[in-house]
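This report concerns only the one structure given below.
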Amino acid sequence: MREMATWLVKSEPSTYSIDDFKREKKTLWEGVRNYQARNYLKEMKKGERVLFYHSNAKEIGIVGVGKVFKEAVPDPSQFDPESDYYDEGSSESTPRWFCPELQFLHKFPRVLTRDELSAQKPLREMVILQKGSRLSVTPVSEKEYQEICALVGWDDT
DNA sequence: GCCAACGTTGGC
DNA sequence: GCCAACGTTGGC
């Protein structure tokens with residue numbers, strides 16, 4: 001068994017924000033329609049940490065943290081013709097898209113902005129910070145996670 | 001609003 | 001299987 005992983009999920013706050021997450025406590029991470037991101041979603045294990053990132057926002061950056069509450073199941077929105085995420089090429093017998101359920105843990109007291117993150121040497125390799133990175137789900141290394149916790153004063157115990 | 005980067009589609 | 005065209009993402 002591999003070690004506990006840490007992940008980062010990206011969301012536009014106009015679609016789903018950290019405040020929505022905080023209010024709902026738990027959320028099914030539906031609507032990811034990219035194969036690499038899908039594979040990461042399927043790798044997520046219960047209890048693993050998930051950093052929450054706001055993209056396309058006034059303040060772009062990491063805004064909080066949650067954890068994997070339930071491992072990935074077939075994404076129900078792919079079967080719903082009314083949904084924006086409907087995929088007519090998928091079927092219940094051979095689902096194409098999967099989503100875990102995430103649980104809210106903590107909203108950071110401030111946004112760890114992209115500029116601030118980019119200025120940190122230990123975060124130089126962070127996937128989300130790479131130019132042109134569009135993946136909405138990415139792995140975060142232990143070193144990166146520790147650095148982020150230290151930056152924002154989040155005591156992960 | 002612009003546009004570079006990227007993923008997907010579809011003709012061949 | 002290649003690759004041009006197209007649509008989308010997301011930082012600026």
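Proteins get letters first, then strands, A, B, ... in listed order; numbering begins at 1 in each.
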Interatomic distance where CZ belongs to A/Arg38 and C1' belongs to B/dT8 [whole Å]: 15 Å
Whole-Å gap separating C1' (B/dT9) and CD (A/Glu88): 14 Å
Rounded distance in Å - CD1 (A/Ile128) to P (C/dG11): 7 Å
Length of the line joining A/Lys58:NZ and C/dC12:P, which is rounded to integer Å: 17 Å
Rounded distance (Å) that lies between atom P of C/dT9 and atom CZ of A/Arg33: 12 Å
Whole-Å gap separating P (C/dT8) and NZ (A/Lys10): 16 Å
Which nucleotide in B/dA5, C/dG10, C/dC12 has an atom nearest any side-chain atom of A/Asn56: C/dG10
Side-chain donor-acceptor contact under 3.5 Å, A/Ser77 with A/Asp80: no
Lys/Arg cation over aromatic A/Phe104: A/Lys26, 6.0 Å, 45° cone: no
Closest listed nucleotide, where the reference is the side chain of A/Ile60 and the choices are C/dG11, C/dG10, B/dG7: C/dG11
Selected nucleotide, minimal atom distance to A/Arg114 side chain, candidates C/dG10, C/dG11, B/dG7: C/dG11
Whole angstrom value for the distance that separates C1' of C/dG11 from CG of A/Leu117: 14 Å
4.5 Å side-chain heavy-atom contact, A/Phe79 and A/Tyr85: no
Salt bridge (Lys or Arg N to Asp or Glu O under 4.0 Å) partners of residues 87-114 of chain A, not counting sequence neighbours, each pair once: A/Asp19-A/Lys107, A/Asp87-A/Arg96, A/Arg110-A/Glu116
Closest nucleotide among B/dA5, C/dG11, B/dT8 to the A/Lys131 side chain: B/dA5
C/dT9 phosphate, OP1 or OP2, under 4.0 Å from A/Tyr53 side-chain N/O: no
Protein-nucleotide distance (A/Gln130, atom CD; C/dG11, atom P), rounded to Å: 13 Å
